[in-house]
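Single-structure report; data block below.
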Amino acid sequence: MLRAGPAGFAELAEVLGDAVRDIGAWMAEYGSYDPHPAQDVPLELFREATAELHRRLRDNYPFFHPRYAGQMLKPPHPAAVAGYLSAMLINPNNHALDGGPATAAMEKEVVADLAAMFGFARHLGHLTSSGTIANLEALFVARETHPGKAIAHSADAHYTHGRMSHLLGVEAVPVATTAAGTLDLDALEDLLRTGRIGTVVATTGTTGLGAVDPVAEVVALARRYGARVHVDAAYGGFFRLIADDTADGVAAAPFRAIADADSVVIDPHKHGLQPYGCGAVLFRDPAVARHYLHDSPYTYFTSDELHLGEISLECSRAGAAAAALWLTTRVLPLTPDGLGAVLRPGRRAALAWAGLIGGSAELAVFQPPQLDIVSYFPARDTLSEIDRVSAHVLEAGMRRAPEEALFVATYTVSGADLARRGHAVREDVPRARILRSVLMKPESEAHVPGLHREIVRLSRV
């Protein structure tokens, strides 16, 4: 059994050794040669430098451990490590078939799997180096499709939309949110009536609170006013696999409606168990390829098939990222019983922790979790005290000895944000930090009681 995390490192070491030997055997088929001595380094020097690297890598938070419930970080699955290393030894470039025929084919296969997961009957898409670049490409096509029109997005959407719109020279308009942190449909319709908006961005899983916009209603409104819809599913996209309205699933309607959107982005380097960086952008209409048209005198010459660089703003892209995702989806397919089974424990963990917090005298839930992100705060009478105790929990947890340390994150809110969610607090300062935990590792489920107990203890100090 190949287990994830440190428990499976012995087996992973064997698999990685096999990868080096297998790829080396393929290389040997082309005949041996003497490497140029300019690249030779003394083995002892290499070992010393590697030991220093490993010492420096200890200056990291334990993203792998269930007591790390801070940001959206966790190690890749062993299959992704093996896939990435195997292809990295060859170092293919998926810009053109000339640079990576095998990994380009794998990329097309995994992108087709992602498109099927979202319900796209047809699609055009590719992997990217990040969700930021994926969103840039989607907004680029939005600009080309609706020139001169603005882009509307939730005020709680990722800051990338404002930044990328600025980069593209397009106006970005934040739209007010509801008390659940989702896009306010009345405010959106008021904006659409002005005729300024060409594209509406809906988010299925805001990176702050994990809020899921009502995609179906957003699509209906946008179509009424002639606007496109882009879905930022960078964080929450894989929850489509458990969008079944069950007790440990998530609401089905928003995720099913992605099939009616014009484009969607997703980050396999989050819930897809991949190493950074691996994002993806997909378009429902393959005809948007016309916006990517360009020519190059020294690429695209070995095949009449589609070269992925012909539908990408990026040029060089790691073929190893495609190999890693391809191998991972072979052993954990994009099905409810495959990768979906990895997501359910995190969802259950969020619901369980929210329940524990709800029954606590020391903590309060900021808003109910919609995915696997829990937002909560110390039960205090003033904003300044909430901020002080939240900061103490964050800092004191990290200062503990490694075997007892725990890691959370903070999220900044105003008194009005708390009031909208039914929390009566005296506003003696403009804003305060509250606590936020991301439970994206399936192991988090078993550790929720302990995390809750220790955070309550820290919040009392």
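All heavy atoms count here, side chains included; hydrogens, waters and symmetry mates do not.
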- Query: Where the side chain of E107 meets the backbone of A322, is there a donor-acceptor pair that is under 3.5 Å apart?
  - Reply: no
- Query: With a 6.0 Å cut-off on ring centres, are F366 and Y376 close enough?
  - Reply: no
- Task: Decide whether Q274 and T328 meet the rule of one side-chain donor and one side-chain acceptor closer than 3.5 Å.
- Result: yes
- Just by distance, do the side chain of T50 and the backbone of F46 share a donor-acceptor pair under 3.5 Å? yes
- R58 side-chain N/O to H54 backbone N/O, donor-acceptor pair under 3.5 Å: no
- Taking the six-membered ring for Trp, is the centroid-to-centroid distance between F407 and H65 below 6.0 Å? no
- Message: So does V15 get a backbone contact from the side chain of D18, meaning a donor-acceptor N/O pair under 3.5 Å?
- Response: no
- Item | Polar side chain donor-acceptor pair, D156 to S154, under 3.5 angstrom | no
- Query: Under the 3.5 angstrom rule, does the side chain of D244 hit a backbone N or O of T246 as a donor-acceptor pair?
  - Reply: yes
- Query: Just wondering, more than 12 heavy atoms not from H392 lying within 6.0 Å of its NE2?
  - Reply: yes
- Could you walk me through whether L136 and L168 pass the side-chain contact (heavy atoms from CB on, under 4.5 Å) check? CA-CA 8 Å; L136 171 63; L168 292 165; 3.9 Å; yes
- Message: I want to check something: taking the side chain as every heavy atom from C-beta on, are T128 and R317 in contact at a cut-off of under 4.5 Å?
- Response: no
- Message: Counting C-beta onward and ignoring hydrogens, is there a side-chain heavy-atom pair between R228 and V141 closer than 4.5 Å?
- Response: yes
- Query: Out of curiosity, I266 CD1 to M117 CE, how far, rounded to the nearest 0.5 Å?
  - Reply: 3.5 Å
- Task: Find out whether L221 and L192 are in side-chain contact, i.e. whether some heavy atom of one side chain is under 4.5 Å from a heavy atom of the other.
- Result: yes
- Heavy-atom neighbours of R3 CZ exceed 12 at 6.0 Å: no
- Test: E454 and R67 ion pair at under 4.0 Å: no
- Message: Applying side-chain hydrogen bond (donor to acceptor under 3.5 Å, both in side chains) to H158 and D232, what does each step give before you reach the verdict?
- Response: CA-CA 9 Å; H158 197 278; D232 182 354; 5.9 Å; no
- Message: Ignoring hydrogens and geometry beyond distance, is a side-chain donor-acceptor pair present between Y235 and D372 at under 3.5 Å?
- Response: yes
- Query: Does OH in Y61 sit with more than 12 non-hydrogen atoms of other residues, nucleotides or ligands closer than 6.0 Å?
  - Reply: no
- E403 atom CD, over 12 foreign heavy atoms within 6.0 Å: yes
- Item | T103 backbone acceptor or donor facing N94 side chain under 3.5 Å | yes
- Message: Under a 3.5 Å distance rule, please check whether R421 uses its side chain to pair with a backbone N or O of D417 as donor and acceptor.
- Response: yes
- Message: Within a 6.0 Å radius of atom CG on D381, are there more than 12 heavy atoms belonging to other residues, nucleotides or ligands?
- Response: no
- Does S312 reach the main-chain N or O of L308 with its side chain, forming a donor-acceptor pair under 3.5 Å? no
- Report yes or no: does H447 contribute a side-chain atom to a donor-acceptor pair with the main-chain N or O of E443 at less than 3.5 Å? yes
- Query: Will you find, in the side chains of S165 and E171, an N or O donor that is under 3.5 Å from an N or O acceptor?
  - Reply: no
- Would you say V374 and V365 make side-chain contact, with heavy atoms under 4.5 Å? no
- Pair L435-Y411, side-chain contact (heavy atoms from CB on, under 4.5 Å): steps then yes or no: CA-CA 6 Å; L435 298 167; Y411 182 79; over 6 Å; no
- Are the ring centres of F283 and H123 closer than 6.0 Å? no
- Using a distance-only test with no angle check, is there a side-chain donor-acceptor pair under 3.5 angstrom linking H230 and S263? yes
- Message: Between K270 and F238, is there a side-chain heavy-atom distance shorter than 4.5 Å?
- Response: no
- Show your reasoning for whether side-chain contact (heavy atoms from CB on, under 4.5 Å) applies to E362 and I357. CA-CA 8 Å; E362 291 85 2; I357 293 169; over 6 Å; no
- Taking C-beta and beyond as the side chain, do L383 and R426 meet within less than 4.5 Å on heavy atoms? no
- Query: So do R256 and R240 actually touch side chain to side chain, heavy atoms under 4.5 Å?
  - Reply: yes
- Query: In this structure, are over 12 heavy atoms from other groups packed under 6.0 Å from R163 atom CZ?
  - Reply: no
- Task: Evaluate the ring planes of F255 and F239, with Trp represented by its six-membered ring, and classify them as parallel (under 30°), tilted (30 to 60°) or perpendicular (over 60°).
- Result: tilted
- Does one side chain, of N135 or T160, offer a donor that lies under 3.5 Å from an acceptor on the other? no
- Expected output: side-chain H95 to main-chain C315 donor-acceptor under 3.5 Å: yes
- Query: So do the side chains of H161 and I151 get within less than 4.5 Å of each other, counting heavy atoms only?
  - Reply: no
- Message: Quick test of your reading of the model: are D248 and R348 salt-bridged, counting only N-O distances below 4.0 Å?
- Response: yes
- Message: Testing the 3.5 Å rule here: is there a donor-acceptor pair between the side chains of S384 and D387?
- Response: no
